[in-house]
Structure formats: structure tokens, C-alpha cells
Asker: 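One structure, pasted below without further comment.
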Amino acid sequence: MFHHIRISAKNGKALLAFAIALIISICAADSRAQVGIPFNQRDDQYRLLGLKRAKEAYEVARDEYERKKSMFEQKLISQLEL
């Protein structure tokens with residue numbers, strides 16, 4: 001009845017990073033997040049659609065972080081803005 005899923009340390013870290021980025025993208029007060037991907041009630045019914053939306057939200061958040069990180073390294077923004 002129960003199936004055990006084994007996750008390697010590398011995949012576990014990637015999964016954790018994905019989950020953290022997803023939470024950050026959902027909680028972000030950034031205007032991009034407000035205009036971003038709205039919650040769709042059918043995501044619970046159509047799991048693949050929900051995963052695709054989550055992946056897209058993760059990619060948007062990751063790209064935004066990378067952009068801000070680059071700006072911070074060039075001393076264009078403060079660490080607080082990062």
C-alpha cells in the first residue's frame with residue numbers, strides 16, 4: 001500500500017531549493033509577483049498544470065534573484081534590496 005521513495009542528497013537539495021524559491025515567489029511583495037501567476041483552483045484537480053505553474057513561478061523568482069545578485073555584486077543595490 002505504501003511506497004517508499006528514495007531521494008538522493010543531491011536531489012533532496014534541489015527539491016528543497018525549489019520549495020524555498022516557490023515559497024519566496026509566493027510571498028514576495030514585488031510587483032512582479034502581484035502580476036505573476038495567479039492561483040488557479042483547478043491546479044488541485046490537474047496536478048501537472050499546478051506543477052507547471054509552480055515551475056514557472058520558481059523560474060521567475062530565480063531569474064529575479066540572479067538579476068538582483070548581479071546588481072549587488074556591481075554595487076548598484078544594497079544588500080537589503082537583495
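Because the structure is a prediction, the values reported are computed rather than measured.
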Asker: Output all residues satisfying salt bridge (Lys or Arg N to Asp or Glu O under 4.0 Å) with K55, sequence neighbours left out; order by chain, then residue number.
Answerer: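 Partners of K55 by the salt bridge (Lys or Arg N to Asp or Glu O under 4.0 Å) criterion, ordered by chain and then number, come out as E59.
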Asker: Look at E56 together with R53 and state whether they make a salt bridge at an N to O cut-off of under 4.0 Å.
Answerer: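 Result for this pair is no, no salt bridge flagged.
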Asker: With sequence neighbours excluded, what pairs up with F18 under the ring-ring contact (aromatic ring centres under 6.0 Å, His included) test?
Answerer: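 For F18 the ring-ring contact (aromatic ring centres under 6.0 Å, His included) partners, ignoring immediate neighbours, are Y58.
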Asker: Using a 4.5 Å cut-off on heavy atoms from C-beta on, say whether the side chain of F72 contacts that of E81.
Answerer: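 With C-beta onward as the side chain, the pair stays apart.
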